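Lettering of chains follows the sequences in order, A, B, ..., and the numbering in each one begins at 1. On a predicted model such as this, the values are computed, not experimentally measured, just so you know.
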Amino acid sequence: MFTRILTKPPQQTSYDCHVHLLLPPPKPRLSLPRHAHTTAAKPPPPPEPPQDATIAKLVIESDPLSLSETLTNPKFQWTPHLVDSVLKRLWNHGPKALQFFKHLDRHPVYIHSSSSFDHAIDIAARLRDYKTAWNLVHRMRSIRRGPSPRTFAIIAERYVAAGKAHRAIKVFLSMHEHGCRQDLNSFNTILDVLCKSRRVEMAYSLFKMLRFRFKCDSVSYNVIANGWCLIKRMPMALQVFKEMVERGVEPTLVTYNILLKGYFRTGQLNEAWEFFLEMKKRKCEIDVVTYTTMVHGFGVAGEVKRSKKVFDMMLREGVVPSVATYNALIQVLCKKDNMQNAVLVFEEMVRKGCVPNSITYNVVIRGLCHSGDMERALEFMVRMEENGGQHNVQTYNVVIRYFCDAGEIGKGLDMFEKMENGSCLPNLDTYNIVIGAMFLRKKSTDLVVAGKLLIQMVDRGFLPRKFTFNRVLNGLVLTGNQDFAKEILRMQSRCGRVPRCLRL
DNA sequence: GTAGGGTTAG
């Protein structure tokens with residue numbers, strides 16, 4: 001059945017309206033106004049200062065060869081903040097982001113700030129282009145803009161994420177060779193990077209090896225205890241807590257909150273409650289984080305009543321709920337109660353003057369999508385924008401996913417298209433969702449779109465999984481698109497570890 | 001931006 005449909009010749013279908021999106025990028029539409037050519041009689045009004053979104057779009061659409069010239073146009077008033085914003089906008093188009101950074105680095109007057117260097121290094125390392133990353137480190141040193149401990153934390157984090165935890169530790173140990181001092185803060189940071197990436201054993205060994213050299217403090221112990229909690233090894237977390245007390249380092253409220261969260265993570269609700277009571281008994285100054293942990297912990301475990309009780313207790317005790325507290329409660333109601341109540345709490349927080357953030361909106365939108373109410377989900381998307389919250393990639397991913405799951409592929413693709421226009425670039429998840437959806441309708445033309453999306457994502461510095469490549473290749477071969485399949489096969493062999501497009 | 005709470009699905 002499947003192959004019979006797919007071997008039919010491609011037909012013109014309604015989705016063709018989306019295809020233009022996936023064709024080679026259009027010629028730059030954003031050209032600079034040419035005031036120089038206007039008659040001298042009336043000087044034109046001063047042009048609007050270019051915003052980061054406009055610049056990001058310009059960078060994406062412009063030819064790399066003319067980019068340098070474009071960026072040196074005196075119209076652009078470069079500031080570190082503007083450059084950082086543009087880099088953030090281009091986060092999901094790493095090669096273009098680096099192109100932008102490198103071209104602007106040749107600007108006759110403007111000099112990149114250390115924070116822009118850090119962003120660029122982060123982007124290069126995320127693309128696993130370590131050569132570029134280190135070149136940038138040397139460049140920033142040569143113009144005395146760093147590198148800072150922050151720079152090394154970024155590089156270490158990227159190495160760990162790429163499965164190179166040992167390189168990360170080497171980076172930390174060699175910081176001083178790059179003119180950056182090792183201190184307790186940077187030690188705590190490397191421990192945290194390892195722990196957050198679940199390399200807790202390694203962090204603990206490093207900690208035991210160097211704890212006297214750096215005179216470890218409560219932060220170091222908290223980082224390690226939190227690491228054990230993250231991988232649900234409460235006995236180890238408690239042991240670290242014990243060691244801490246034995247060595248005369250005073251546990252803080254942060255320590256208690258970490259352990260409390262650990263009990264919830266491991267599903268030990270009674271222990272969590274006992275621990276909370278103990279905290280109260282010891283006159284520990286319980287704060288909003290403690291309560292948020294409880295509201296979330298009980299709620300996601302299905303104990304909605306207890307979750308609400310804790311929320312009320314918090315109000316009685318005069319602790320003011322934060323956005324995170326409301327987000328926790330709303331999420332709990334979305335998942336374990338019903339959407340009416342979740343929306344009621346949303347309205348209540350607004351009434352009380354607590355401003356919902358993008359996480360709040362995304363939680364509500366996801367809940368509405370999940371309950372099948374796409375219409376209200378879209379209403380909340382509008383509301384989000386009206387209240388100054390920009391849709392982020394998570395917002396789009398949720399809505400696109402649910403449209404596709406509901407079989408409304410066209411609406412999903414419309415949303416995907418809207419993202420590009422609204423200056424929110426798709427990330428790896430988005431591509432996986434949309435490419436996956438191209439197999440649902442069993443249409444031969446959908447597979448061509450899948451192929452084009454695959455090429456686009458590689459161009460933008462994402463490495464698709466082997467599974468994705470094979471799936472698209474098989475689909476194209478089965479539908480008689482041999483030539484296109486060959487093109488994708490060539491791309492696959494080219495893209496290896498570092499995408500070709502990175503070589504500037 | 002040295003540590004703790006809130007967005008991912010099945």
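Residues that satisfy the side-chain contact (heavy atoms from CB on, under 4.5 Å) test with A:E347, not counting sequence neighbours, are A:V343, A:R383. In this view, A:F403 satisfies the ring-ring contact (aromatic ring centres under 6.0 Å, His included) rule with no residue, not counting sequence neighbours. Every residue two or more places apart in sequence or in another chain that forms a side-chain contact (heavy atoms from CB on, under 4.5 Å) with A:R471 is listed here: A:F439, A:F467.
The separation between A:L329 atom CG and B:dG5 atom C1' is 13 Å, rounded to whole Å. When rounded to the nearest whole Å, the span between CG of A:N185 and P of B:dA3 equals 9 Å. For the pair A:I224 CD1 and B:dT2 C1', the interatomic distance rounds to 12 Å; values are reported in whole Å. For the pair A:N432 CG and B:dA9 C1', the computed distance is 13 Å after rounding to whole Å. Nucleotide B:dG5 holds its P atom 8 Å from the CG atom of A:L230, rounded to whole Å. A:N222 has its CG atom 15 Å from the P atom of B:dT2, to the nearest Å. In this structure, CD of A:Q394 is placed 15 Å from P of B:dG6, rounded to the nearest angstrom. Following rounding to the nearest Å, A:L333 (CG) and B:dG6 (P) show an atom-to-atom distance of 16 Å.
Counting only distance, with no hydrogens or angles, the side chain of A:Q182 and the backbone of A:F172 share a donor-acceptor pair below 3.5 Å. In terms of modelled atom types and a separation under 3.5 Å, the side chain of A:H391 and the main chain of A:M381 share a donor-acceptor contact.
The residue A:V398 sits apart from the nucleic acid: no heavy atom pair falls under 4.0 Å. Within the 4.0 angstrom heavy-atom criterion, no nucleotide atom of any strand lies near A:I365. Residue A:I359 is classed as a base contact, given a heavy-atom separation below 4.0 Å to a base. Residue-level contact check: A:S220 touches neither bases nor backbone, having no heavy atom under 4.0 Å from any strand. Within the 4.0 angstrom heavy-atom criterion, base atoms lie near A:S322.
Checking B:dG6, B:dG10, B:dT2 against every side-chain atom of A:H370, the shortest atom distance belongs to B:dG10. When the nucleotides B:dG6, B:dT8, B:dT2 are ranked by their closest atom to the side chain of A:K335, B:dT8 comes out on top. Of the listed nucleotides (B:dG6, B:dA9, B:dA3), B:dA9 has the atom at the smallest distance from the side chain of A:Y402. For A:N327, counting side-chain heavy atoms from C-beta on, the closest listed nucleotide (B:dA3, B:dG6, B:dG5) is B:dG6. Comparing B:dG10, B:dG6, B:dT8 against the side chain of A:R366 picks out B:dT8 as the nearest.
A side chain to side chain donor-acceptor pair (under 3.5 Å) check over residues 135-144 of chain A, counting only residues at least two apart or in different chains, returns the pairs A:D105-A:R139.
A salt bridge does not link A:E303 with A:K308: none of the charged nitrogens is closer than 4.0 Å to a carboxylate oxygen. Ion pairing between a basic and an acidic side chain is recognised when a charged N comes within 4.0 Å of a carboxylate O; A:R265 and A:E271 show no such pairing. Ion pairing between a basic and an acidic side chain is recognised when a charged N comes within 4.0 Å of a carboxylate O; A:E285 and A:K280 show no such pairing.
Atom CD of A:E375 has 12 or fewer neighbouring heavy atoms from other residues, nucleotides or ligands inside a 6.0 Å radius. The number of heavy-atom neighbours closer than 6.0 Å to NE2 of A:H370, taken from other residues, nucleotides and ligands shown, is 12 or below.
Remark: A:D287, A:V288, A:V289, A:T292, A:T293, A:H296 in residues 278-297 of chain A come within less than 4.0 Å of DNA chain B through at least one heavy atom. Listed in residue order, the members of residues 189-205 of chain A having a heavy atom less than 4.0 Å from DNA chain B are A:T189, A:D192, A:K196.
Dashed line: the shortest gap from a side-chain N or O of A:K261 to OP1 or OP2 of B:dG6 is under 4.0 Å. Phosphate contact (OP1/OP2 of B:dT8, side-chain N/O of A:R401, threshold under 4.0 Å): absent. Contact between the side-chain N/O atoms of A:R265 and the OP1/OP2 oxygens of B:dG5 is found at a separation under 4.0 Å.
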